[in-house]
Amino acid sequence: MKKNKFSYWFDNRMAEGTVALIKLLVIVTVAAVVILGLAVAALGASGVGGGIWISLTHMMDAGTIAGDEGASLGYILGMLVITFIGIFVTSTLTGIICNSIDEKVADLRRGKSAVVEENHVIVLGTAGGLYTIVSELIEANSNHKREALVIMDNKDDKDVMDENIRQRFPDTKTTRVICRCGNITDISDLAVCSFDTCRSVIINADDDFTTIKSILAVTRLLKKYGNDEAYIAAVIRDEENLEAAEVAGEGRAEVLSFRNMMSRIIAHTGRSAGLSQVYTELFDCDGSEFYIEEHPEAVGKTLGELNRYFPVSTVIGFVTKDGEILINPEPDRKAETGDRLIIFAEDDGVSRMDAKPAPVREKDIAEWHDNEPAQCTDMLIIGYSAKLRQVLEEEDNYVGGGSQMTVALPSEQMAHKTELESIQFRNIRLKVVECDIYSRSGLESLLPGEDTVLVLADTPDGIDEAEIERRDAKILMILLQLRYLARTKGYQFTVTSEMLRVENQELAQIAEVNDFVISSNITSLILTQISQIRELRAIFNELLREEGSEIYVRPAKNYVKLDCLTDVYTACEAAARHREVFIGYRTLDENGGVKIVTNPHKAQQLKFTAQDAFIVIAMD
């Protein structure tokens, strides 16, 4: 029984870890040195202090016993015992230290160690779009001396995550990318990311359930550490879960509705060639972005007047002292004390206000031209997506009465026909047809008379990498078939296509598609921007919602006289007289392809042609 109790006690001490083992070895060492030191003193070889010292030196150095020649047999035997105990203690201690180092290295390789950073961004999850987020944050941080980005996910070990980042981003400029492994919904795992000192958190999860649970966990940690400045940026795929996510964030989360946002972008892009490039330019961190800045000297000036004072940036609205977002406000609304300006510029801090407004070339401004009414449009939509209903409802707000929308679905998607045909439209006549959408003959039977073609990709939650690639391969097949028919049969139509992977867009360039919409890419761009400036969420919501001002591409002839040299100040003034904000233009490059230019220098001299268009923020 006593033996069992001792074994149980010893097992418990061993299980307590490295520190407990070292404590046990210290106790054994001290006990052995004192006992044998007293024994040496009892033999008369030395005093008590001297005996303990002799015992200690023999334990620490096994070679010391070689100097005991000529001593008594009892003394030599005692020194042999203490020497053997010393060898045992030393070897055991060496093993414990080596094992502890191995465990620490293994723990570091698993990505479990704590992060010690300040003012960093945390990305939770490695769903589609991660590399876009990393790329954008590296670019956004490039004008700062030292920044950090912490990524956590439980799919890979740290070595794999680090290697993937190194291969994709050999030069991270001024940003240190730190990878950690753990469950992004588990508070104990998340704690290593240093939520007490972070600037913002991006949740990049695979599904809404994980996103909401992660928001709950992050909110709890931010409250625990008292970090009231940090906030969360996240996307919810199903709009029904949006309110639950906002409740989970307790005012600390900026949550976007993925399906609603992408439906509007897809619908708008299908009507205006090059608009997907415009959205990418607006939302990415390369080139010009939106900033919110204080310019007290702007007080008393309208939006139209202000854009004649800023030579390298564009003012699109105001943030009032109460936090209200006013994009493209009423023409007579002047900047008031306490207002901040919403500025479209290449970087923060580069916008300066001249002392005097630039002159306007009145002779270059076109005669008043009303915007054309909504046109009757025939569109072919290929494939089903969970966003399709909202895309159709969005199109119904902008097309003319009697517009024909044909939805072509393969047999396995025809179950959605009843749902689609039940939608009530004001301007659209909807026809849902069954078709082998990967067949050239099937597509050809649908093309005659169509103005535009929209190819959709379905992206249900939880699909793996292989399935994503397979779906992109199917889209590529459709696009190549459409290109062949356009070239050989002479059909005239524009094509807008969704893609799931931005890398696959390069493969699809041969299909000569007018616009690509990569949902994960655009979503990641928006999340990254919001993680830098929280108020951008309200600005993006305003630009993407049905009411209020939106982004349009409209003929240049509506604003300025064609084929005459003018400057951008004049273009801004011409747009302002229509209660619109000029933010760039669309033209053709030397190869006849669409070229998008945003935020040009306002003193630049330009000659617009009949093929050119203004990119404006305008009311419908």
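These values consider heavy atoms only, across backbone and side chains, with no hydrogens, waters or symmetry-generated copies. FYI, the numbering just counts along the sequence from 1.
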### Lys/Arg N to Asp/Glu carboxylate O, K387 vs E498, below 4.0 Å
yes
### Query
Is it true that R389 and E393 make a salt bridge, defined as a side-chain N closer than 4.0 Å to a carboxylate O?
yes
### Task
Under the side-chain contact (heavy atoms from CB on, under 4.5 Å) rule, collect the residues that match up with P555, sequence neighbours excluded.
K557, N558
#### Entry: Electrostatic pair R554:E580 at N-O distance under 4.0 angstrom
yes
Anything under 3.5 Å between a donor and an acceptor, one on a side chain of residues 606-615, the other on a protein residue two or more places apart or in another chain? List them.
{"unit_1": "T609", "atom_1": "OG1", "unit_2": "Q611", "atom_2": "N", "d": "3.4"}
{"unit_1": "T609", "atom_1": "OG1", "unit_2": "Q611", "atom_2": "OE1", "d": "3.3"}
{"unit_1": "T609", "atom_1": "OG1", "unit_2": "D612", "atom_2": "OD2", "d": "3.3"}
{"unit_1": "D612", "atom_1": "OD1", "unit_2": "T587", "atom_2": "OG1", "d": "2.7"}
{"unit_1": "D612", "atom_1": "OD2", "unit_2": "T609", "atom_2": "N", "d": "2.8"}

### Task
Identify, with sequence neighbours excluded, every residue that meets salt bridge (Lys or Arg N to Asp or Glu O under 4.0 Å) alongside E239.
none
### Task
Please identify each residue that fulfils side-chain contact (heavy atoms from CB on, under 4.5 Å) with Q529, with sequence neighbours left out.
C285, E289, L536, F540
### Query
With sequence neighbours left out, what residues match R259 under salt bridge (Lys or Arg N to Asp or Glu O under 4.0 Å)?
none
### Message
Working note: L479 + M477, criterion side-chain contact (heavy atoms from CB on, under 4.5 Å); need CA distance, chi angles, decisive distance, verdict.
### Response
CA-CA 6 Å; L479 297 178; M477 173 64 77; over 6 Å; no
### Task
Scan for ring-ring contact (aromatic ring centres under 6.0 Å, His included) pairs involving residues 377-419, sequence neighbours excluded, and state none if there are none.
H268-Y398, Y384-H416
### Contacts of type salt bridge (Lys or Arg N to Asp or Glu O under 4.0 Å), residue E395, not counting sequence neighbours
R271
### Query
Does a salt bridge link K431 with E421, judged by any charged N lying under 4.0 Å from a carboxylate O?
no
### Residues that S135 engages under side chain to side chain donor-acceptor pair (under 3.5 Å), provided they are two or more places apart
none
### Query
For R429, what residues pass the salt bridge (Lys or Arg N to Asp or Glu O under 4.0 Å) criterion, not counting sequence neighbours?
none
### Task
Report yes or no: does D472 contribute a side-chain atom to a donor-acceptor pair with the main-chain N or O of R501 at less than 3.5 Å?
yes
### Summary
Sequence neighbours excluded, the answer for side-chain contact (heavy atoms from CB on, under 4.5 Å) partners of R534 is Y231, E254
### Query
With sequence neighbours left out, what residues match T210 under side chain to side chain donor-acceptor pair (under 3.5 Å)?
D207
### Task
Just jot down the side-chain contact (heavy atoms from CB on, under 4.5 Å) partners of E243, sequence neighbours excluded, or say none.
none
